[in-house]
*Asks:* 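My questions will all concern the structure given below.
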Amino acid sequence: MKNGNEIQITPELVKEHGLTVEEYERIKRAMGREPNYTELGIYSVMWSEHCSYKSSRLHLKKLPTKAPWVIQGPGENAGVIDIGDGQAAIFKMESHNHPSYIEPYQGAATGVGGILRDVFTMGARPVANMNALRFGEPNHPKTRHLVGGVVAGIGGYGNCVGVPTVGGETNFDPSYNGNILVNAMTVGLADAEKIFYCAAAGVGNPVVYVGSKTGRDGIHGATMASAEFTDDSEEKRPTVQVGDPFTEKLLIEACLELMATDAIIAIQDMGAAGLTSSSVEMASKGGVGFELNLDNVPQREANMLPYEMMLSESQERMLMVLKPGREDMAKAIFEKWELDFAVIGHITDTGKLTLKFKGETVGDIPLDSLTDDAPEYDRPWVPTPKREAVSVKAVDDLNKAAMDLIGGPNLCSRRWIWEQYDHMVMGDTIQRPGGDAAVVRVHGTMKGLAISTDVTPRYCFADPVEGGKQAVAETWRNITAVGALPLAITNCLNFGNPERKDIMGQFVGCLEGMGEACRALDYPIVSGNVSLYNETNGKGILPTPAIGGVGVMQDIDRMATIAFEGAGQTVVLIGETKDELGASLYQREIVGEDAGLPPVVDLAVERRNGDFVRALIENGQVTTCHDLSDGGLIAALADMAMAGGVGVDVTVDDTLPLHAHLFSESQARYLVATDADTAEQIRKEAKDAGIPVTVLGETGGDSINVNGGAVKLDLKALKSAHEGWLPNYMANAS
Amino acid sequence: MKARIHVTLKNGVLDPQGKAIEHALSNMGFDGVNEARQGKFIELELSETDRAKAEASVDEMCRKLLANTVIENYSIELE
Amino acid sequence: MKARIHVTLKNGVLDPQGKAIEHALSNMGFDGVNEARQGKFIELELSETDRAKAEASVDEMCRKLLANTVIENYSIELE
Amino acid sequence: MKSAVIVFPGSNCDRDMAVALEKITGTKPLMVWHQEYDFDKVDFIALPGGFSYGDYLRCGAMSARSHVMKEVIKRAEDGVPTFGVCNGFQILTETGLLPGALMRNANLHFVCKDVTLTVENADSMFTNAYDKGQEITIPVAHHDGNYFADDETLNRLEGEGQVAFKYASDINGAQRRIAGVMNARGNVLGMMPHPERMIEPALGGSDGRKMFESVMNRLG
Ligand SMILES: Nc1ncnc2c1ncn2[C@@H]1O[C@H](COP(=O)(O)OP(=O)(O)O)[C@@H](O)[C@H]1O
Ligand SMILES: [Mg+2]
């Protein structure tokens, strides 16, 4: 085979490329002719759901993305916000769900690598990683293996690169049995004046490839299995992408070194659809054309075809446009870091992506047809039917119920996970995993970045709009609970098949709720990612719009943690507990039902209560604070007692049944603990501000004691169950 | 009976360790190493005395644990 | 010319990976694995065509880099 | 006290080490790239943590053969205090400056957490600001910290006071719970825990400072 374009384009081949008949007609119209094989491959990846956002674009446009502190919203590699003092925080979250199910270690590792590149591409030094994980039920035969592999992969990559992994979330639910979710987030810091973008400019300027060599990794599986390749099929089978964190580390250092000079006009990482999407994006954003000479692409394997080079997803590669004459200087930097560097093309004024290979033109595509002409669908959808409110019963043994929840898969400590992540490297981790939000000091200052990822898929399933609101509100609350001001979010929208009306309805509903919460909380969306078709045998995952929030605190010495600080602290509940047990963890795990309405998210109340709590921390009245979420009051008290190594004695009134007090998941609530005088002062201030406030009791003793022994959890037993569940579960790993 | 198992990366799968070894050897002045690949070598001491049974059992061990067949090949020798 | 190198732990050196394999295999219900040891298998593609020279050079690579002779033994095959 | 921090491709605690040294000694350390053959005279050489060369082949193996290590070995043999943390410790054993080897953690997992260490020798160049038997808290973050040496070597190390720190409880399967060892002359220390990560309350404690202060005491 000379260049692959000998291959006939048949209807089957078009179909194998995931293109519909109408889409193929659209390609022919855009080109004014039939595409050749290389071009077909390029269209197929650019018009894929992943690159074109064809099912989601219409709805994403409705999300609020602006605020005075937003420097760059969605549309670039990552979002950028101003954090004051001339500095910017740059962050994004991304999914690597499917690859992680196939090969958990490499799938998760390359997910981390990809999101790191999105962030340092923009000129940021990555300073924190987060990971939001959803696995199937614990007793599913694959779950244990997947947990072990994913955690090892995230650690294997992040630890080696030397960026601390400071937090995340981990859930188990049967809906993920066949589709786990691995969402990784990176936060970086840059000089607000030195942000790098991907828009190419300057006809004639060199297009430069740096990083690892290109192999046949991750090329679209269905296509490669086509009959034309049977001669040497084993050699050409698509392969799993293997991450090389060592090369990534070198790439970060080399890129940052080059970015300190004035040589770069535009830069873009090669992520999904590799060389294709990076060159198309750079050229089309800049309104120019690209001519690439594929013979110059550094290649790891022999006899690679243009199609393969353009579609390869080999990791740890970047594309740049340099100012003319700066090639040698740039090359010296990359050679110092022992990385490949090659000029592979130049900018043209043709508005086309032109590909040369062995002296021939093997592809010539009008760029705007790849982006602007890409299909956009207004997929039919139906709103999720409103559920009936239900009354959730009390079980006989509330002690056991609390113990089972706190010592079970959903609420147990994630220590087994985060101890496999280097969460301290870089020397600025001020709040380690285990609290409400991670806090990373802005290097060399007293400021801190607070980061949290959250979503409660149960709620999103029960009521997508409320669930969407809740996900945003929970990150806001977690960031508030450490004393930081939440500024903006990124997201990773994981859903089932959008061609099903009910799934599309979940998507639309969640986005509506998210948008509403962002507006009410002044908390815009600056970046994100969509992962659809998370579905096996027609059964979709719970709708899972994972939200990653970032906030800033001005003084890390004014920070709260969840740990009680010894005996004698007064414990105060801010916010109102209602009988909201629908779609709660208690209902699902203890009662064994999933029905009713999820808790209502009143965004005005959320904001009022949160602003009140943040002020308490900022002015030093409170250094112990925890928000209430899954598992309600009893779970929060337990977290605080276990973290502080001291018990607590509380009393709740009889306006609600005891099990509702304990397990209700009413929103906008926080627990704070402080000395008695300050607590009294806080009670008064809250009353004056019209904020519901309850003095619950005092810390001390070695148990969590509610209403004089109506519920009494021995701290030692609780801690051993809470800390023990995950390691015991994983110890049975093979 | 002893089983000697070689686990190697499939062709086309990136081998970062091999690459690093190539690099280090050339930095140390060893020329003429065109490629390095690193794999695993596992030796098992088995109670089984029946060759066929041992072979079948080790093959199962490889598929289930010792090799990651998504990216690795394995080969077994008994002695 | 191709060099195949086996790097194995010396007797008496504790092998955490081998131990973990034994453990996992027995958890998975594979009985009769009395011992497991894990080593490395390195393949080098050499330009050298002279056997003796290749042997000497690979031996030096092993001593200087590929094996840690405090804890490891190595063996070389050329093909 | 003027120090040097050696930087290898893949080092990732080089900045942490430099920050700690500057905070404690008041002098910015010299950062030395692995391809240097020579560097300015310094009072103290630090090999930082990280994953030099990706920890490929064996941790520290490739770095130990770098140009700069020839010079470091020479200076260490001349008596310059030389200190390796984590990957730095692995490099020191790979060069032979320190005995033994660091194997994969017994449970095969990477481990990052605060651990309690006991100070085994409080007279050395690196530990004189501590008390003998003192328990200190320092974090570890490693995948290959399982110290191995043969019994004869271990007996000698213990007998001659070359064991600087032990883990109070088993962390990684290390023989005799050894966390840090010195050479016979006492001017080279390698340890898996990261004292540079425990130098201020905001990071969770200050027990790591005394390690650096010990060297300053000795150098006067
Ligand atoms: N996969 C993970 N990686 C790192 N940290 C995690 C992970 N999963 C959970 N955590 C940490 O465990 C703690 C509890 O998580 P979670 O229950 O989700 O907190 P919250 O309810 O406050 O959102 C948090 O500090 C979180 O960062
Ligand atoms: Mg929380």
Side-chain angles (χ1 to χ4, degrees), chain A residues 125-126 148 151-166 243-254 336-339 415-434 439 441 443-444 446 448 555-557 559 561 727 730-731 733, chain D residues 7-23 33-35 48-57 59 62-63 66 85-87 105 107-115 138-144 171-172 193-205 208:
Chain A
R125 178 169 285 282
V151 169
I154 291 172
Y157 207 99
N159 298 343
C160 179
V161 165
V163 175
T165 302
V166 294
D244 180 3
F246 169 58
T247 296
E248 180 103 335
K249 167 72 174 161
L250 303 183
L251 197 55
I252 294 177
E253 299 304 333
K336 167 183 156 194
W337 291 100
E338 307 188 357
L339 296 164
R415 181 186 305 280
W416 183 88
I417 296 175
W418 78 65
E419 281 186 351
Q420 294 185 57
Y421 300 155
D422 189 339
H423 49 268
M424 301 182 221
V425 63
M426 296 186 89
D428 286 312
T429 304
I430 304 301
Q431 184 148 171
R432 300 184 190 175
V439 178
R441 178 168 57 189
H443 192 67
M446 287 302 281
D555 181 357
I556 52 165
D557 285 344
M559 178 180 79
T561 69
M730 292 307 298
Chain D
V7 185
F8 301 95
S11 293
N12 64 31
C13 302
D14 45 338
R15 187 188 77 178
D16 302 0
M17 181 65 82
V19 167
L21 283 168
E22 184 173 357
K23 275 196 177 142
W33 184 235
H34 72 117
Q35 279 168 334
F51 287 69
S52 63
Y53 292 97
D55 274 359
Y56 297 145
L57 188 64
C59 303
M62 302 191 201
S63 298
S66 62
V85 171
C86 201
N87 195 227
N105 294 347
N107 70 2
L108 305 191
H109 291 306
F110 188 94
V111 58
C112 176
K113 63 178 183 183
D114 285 348
V115 301
I138 307 272
V140 291
H142 60 247
H143 212 160
D144 301 79
I171 298 299
N172 49 27
H194 288 264
E196 82 283 7
R197 292 188 183 187
M198 261 320 191
I199 57 159
E200 53 176 326
L203 298 177

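Letters A, B, ... are given to chains in the order of the sequence lines, protein chains preceding strands, and every chain is numbered from 1. These numbers were taken from a predicted model, which means no experiment stands behind them.
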*Asks:* Name the region of D:Y53, side chain, backbone, both or neither, that has any atom closer than 4.5 Å to a heavy atom of chain A.
*Replies:*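 Its backbone and side chain both get close to chain A.
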*Asks:* Using heavy-atom distances under 4.5 Å, tell me whether A:D244 contacts chain D through its side chain, its backbone, both, or neither.
*Replies:*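 Answer is both: backbone and side chain atoms of A:D244 are under 4.5 Å from chain D.
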*Asks:* State the CZ-NZ distance between A:R432 and D:K113, to the nearest 0.5 angstrom.
*Replies:*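 Separation between the atoms: 12.0 Å.
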*Asks:* Heavy-atom cut-off 4.5 Å, strictly under: side chain, backbone, both or neither for D:Q35 against chain A?
*Replies:*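 The answer is the side chain of D:Q35.
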*Asks:* Where does A:Q431 contact chain D at under 4.5 Å (heavy atoms): side chain, backbone, both or neither?
*Replies:*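 For A:Q431, no heavy atom lies under 4.5 Å from chain D.
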*Asks:* Do A:V151 and D:H109 touch side chain to side chain, with heavy atoms closer than 4.5 Å?
*Replies:*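 A:V151 vs D:H109: side chains apart.
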*Asks:* To the closest 0.5 Å, what do you measure between OH (D:Y56) and SG (A:C160)?
*Replies:*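 Result: 5.5 Å between the selected atoms.
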*Asks:* Any idea which heavy atoms bring A:N159 and D:F51 closest together, and the distance?
*Replies:*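 Scanning both residues completely, I find the closest heavy atoms to be O-CE1, 3.1 Å.
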*Asks:* Quick one: of A:V163, A:V425, A:T247, who has the most non-hydrogen atom pairs under 4.5 Å with chain D?
*Replies:*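 Most heavy-atom pairs within the cutoff with chain D belong to A:V425.
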*Asks:* Might you point out which heavy atoms bring D:L203 and A:T429 nearest each other, and give the distance in Å?
*Replies:*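 Closest approach of D:L203 to A:T429, heavy atoms only: CD2-O, 3.9 Å.
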*Asks:* Taking C-beta and beyond as the side chain, do A:M426 and D:N12 meet within less than 4.5 Å on heavy atoms?
*Replies:*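 Not touching, per the 4.5 Å side-chain cut-off.
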*Asks:* Under 4.5 Å heavy-atom distance to chain A, tell me which part of D:M17 shows up: side chain, backbone, both or neither.
*Replies:*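 When you check distances to chain A, no heavy atom of D:M17 falls under 4.5 Å.
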*Asks:* Any side-chain heavy atom of D:P9 sitting closer than 4.5 Å to one from A:F246?
*Replies:*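 When only atoms from C-beta onward are counted, A:F246 and D:P9 do touch, with a gap below 4.5 Å.
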*Asks:* By a 4.5 Å heavy-atom criterion (distance strictly below it), what part of A:L250 contacts chain D: side chain, backbone, both, or neither?
*Replies:*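 Interface part for A:L250: side chain.
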*Asks:* What's the shortest heavy-atom distance between A:D422 and D:A141, and which atoms?
*Replies:*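 Shortest heavy-atom separation between A:D422 and D:A141 comes out as OD2-CB, 3.6 Å.
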*Asks:* Below 4.5 Å, heavy-atom pairs only: which of A:A152, A:G156, A:G427, A:G148 has the largest tally toward chain D?
*Replies:*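 Highest number of pairs under 4.5 Å: A:G427.
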*Asks:* Counting heavy-atom pairs under 4.5 Å to chain D, which of A:E338, A:R415, A:R441, A:E253 comes out on top?
*Replies:*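 Most heavy-atom pairs within the cutoff with chain D belong to A:R441.
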*Asks:* Are D:R15 and A:H443 side-chain neighbours, meaning at least one heavy-atom pair lies under 4.5 Å?
*Replies:*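 Side chain of D:R15 against side chain of A:H443, heavy atoms only: contact under 4.5 Å found.
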*Asks:* Ignoring hydrogens, what is the shortest heavy-atom contact between A:M424 and D:C112? Give both atom names and the distance.
*Replies:*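 The answer is CE-SG, 3.8 Å.
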